Amino acid sequence: DEGTKKLYSLLQTEPDWYYERQSRVEIDPEKGMLTVAGNNYRIGENVVVIAQGEELELSELASVDDLSICGMGDRVFLIERIKGHGTLQLLCADAFVGGSFYIDGKLAESVTGNMQLTVREGEYRFSLENGELFAEKTLTTQEGEEAEWDLSGFLPQEPKIGRVEFLLEPEG
């Protein structure tokens, strides 16, 4: 429907191939290529991208999304996003720079400054480790939303400097 931009049906002969609920799909719009399960396919301007019946732009997809993909020959004609992505922003993570970032106990990547990660929507146990320092938190990421994890409690404390004055009687 052109007015609402909702896709009500798609008429097509049976696809030659179909990948159901795939994550780690690589999409390169500039080259017009999509890689799934080690296979390369061409993406044309007529590819239909949907999520919950709504049409999406190809640029709204991320490699962490759960996608169902079908096509004919070497061409993709339909991409359906089953589960989308959100972002996790680490704030004040300086104490963990150079350390390791884990998602549900699996090493994801090395920690850099105030890093932002694209994460499939869902609930995860995130943890950071750098030498003796360890932080852990369970957070939920939602489609199109940004979750923040403030790590300012791990910043080094400034030394406290004060002054003490003594009044002596008698002087000297």
Side-chain angles (χ1 to χ4, degrees), residues 1-91 93 96-129 136-149:
D1 180 8
E2 283 298 316
T4 63
K5 296 286 187 190
K6 288 186 178 183
L7 178 67
Y8 290 102
S9 67
L10 178 67
L11 299 176
Q12 179 68 36
T13 60
E14 287 296 314
D16 288 343
W17 49 267
Y18 179 71
Y19 294 95
E20 186 174 6
R21 295 192 69 107
Q22 297 290 306
S23 58
R24 301 191 194 284
V25 175
E26 294 178 34
I27 300 172
D28 187 342
E30 290 179 15
K31 292 182 180 176
M33 295 296 294
L34 176 141
T35 304
V36 59
N39 297 309
N40 295 320
Y41 299 99
R42 296 186 337 186
I43 305 172
E45 59 186 46
N46 296 327
V47 66
V48 175
V49 182
I50 60 172
Q52 299 173 349
E54 300 285 330
E55 191 171 359
L56 300 177
E57 294 294 323
L58 198 57
S59 62
E60 294 179 67
L61 302 177
S63 62
V64 298
D65 292 348
D66 275 345
L67 304 174
S68 291
I69 307 160
C70 57
M72 298 186 80
D74 68 343
R75 292 196 175 271
V76 176
F77 65 76
L78 176 65
I79 303 173
E80 181 181 9
R81 182 170 68 192
I82 308 301
K83 202 171 204 183
H85 64 278
T87 56
L88 172 64
Q89 178 75 45
L90 299 181
L91 304 173
F96 291 95
V97 170
S100 300
F101 178 79
Y102 297 87
I103 301 174
D104 287 336
K106 294 179 185 163
L107 181 62
E109 59 186 272
S110 294
V111 179
T112 60
N114 288 338
M115 63 193 290
Q116 184 176 43
L117 300 123
T118 301
V119 184
R120 185 177 318 132
E121 61 182 316
E123 184 175 281
Y124 299 96
R125 182 176 44 87
F126 297 109
S127 55
L128 295 165
E129 192 175 276
E136 184 174 70
K137 187 167 190 166
T138 299
L139 289 169
T140 300
T141 57
Q142 295 183 8
E143 172 64 36
E145 300 287 321
E146 180 178 288
E148 292 181 343
W149 186 6

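Along the sequence shown, residues are numbered consecutively beginning with 1. Note that the structure is a prediction, hence the values are computed from the model and not measured.
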Under the side chain to side chain contact (heavy atoms under 4.5 Å, CB included) rule, what do Val36 and Val76 come out as? Steps first, then yes or no, please.
CA-CA 11 Å; Val36 59; Val76 176; over 6 Å; no
Show your reasoning for whether side chain to side chain contact (heavy atoms under 4.5 Å, CB included) applies to Asn39 and Tyr19.
CA-CA 11 Å; Asn39 297 309; Tyr19 294 95; 2.8 Å; yes
Between Leu88 and Tyr124, is a side chain to side chain contact (heavy atoms under 4.5 Å, CB included) present by the stated rule, with each step listed?
CA-CA 11 Å; Leu88 172 64; Tyr124 299 96; over 6 Å; no
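Atom CD of Glu145 sits about 11.5 Å away from atom OG1 of Thr140, to the nearest 0.5 Å. Interatomic distance, CH2 of Trp149 versus OG1 of Thr138, reported as 9.0 Å (0.5 Å rounding). Atom CG of residue Asp16 and atom CG of residue Asp74 lie 10.0 Å apart, to the nearest 0.5 angstrom. To the nearest 0.5 angstrom, Glu123 atom CD is 9.0 Å from Asp104 atom CG. Atoms CD1 and CD1, from Ile69 and Ile27 in turn, are 6.5 Å apart once rounded to the nearest 0.5 Å. Interatomic distance, CZ of Arg120 versus CD of Glu143, reported as 12.0 Å (0.5 Å rounding).
Using a 4.5 Å cut-off on side-chain heavy atoms (C-beta onward), Leu117 and Phe126 make no contact. At a threshold of 4.5 Å between non-hydrogen side-chain atoms, the residues Met33 and Arg42 count as touching.
Atom CD of Gln52 has 12 or fewer neighbouring heavy atoms from other residues, nucleotides or ligands inside a 6.0 Å radius. Sparse packing is recorded around CD of Glu57, with 12 or fewer heavy atoms of other residues, nucleotides or ligands lying under 6.0 Å away.
Judged by distance alone, the side chain of Trp17 and the main-chain N or O of Gly73 form a donor-acceptor pair under 3.5 Å. Between the side chain of Ser63 and the main chain of Arg24, no donor-acceptor pair closer than 3.5 Å is present. In this structure, Glu136 contributes its side chain and Ser127 its backbone to no donor-acceptor pair below 3.5 Å.
Counting all heavy atoms, side chain and backbone alike, Ser23 lies closest to Val64 at CB-O, 4.2 Å. When all heavy atoms of Leu91 and Glu148 are compared, the pair lying nearest together is CD1-OE1, 3.7 Å. Shortest non-hydrogen contact noted between Thr141 and Thr87 is CG2-O, 4.4 Å. Across Arg125 and Gly105, no two heavy atoms sit closer than the pair NH2-N, 3.6 Å. Heavy atoms only, all atoms of each residue included: Tyr102 and Ser100 are closest at CE1-CB, 3.5 Å. Looking at every heavy atom in both residues, Met72 comes nearest to Pro15 through CG-CA, 4.3 Å.
With respect to Ile79, the side chain to side chain contact (heavy atoms under 4.5 Å, CB included) criterion is satisfied by exactly one of Val25, Ile50, Leu34: Leu34. Partner of Ile82 under the side chain to side chain contact (heavy atoms under 4.5 Å, CB included) criterion, chosen from Leu67, Asp66, Asp65: Asp66.
In summary, Glu60 and Arg81 do not engage in a salt bridge, as defined by a charged side-chain N under 4.0 Å from a carboxylate O.
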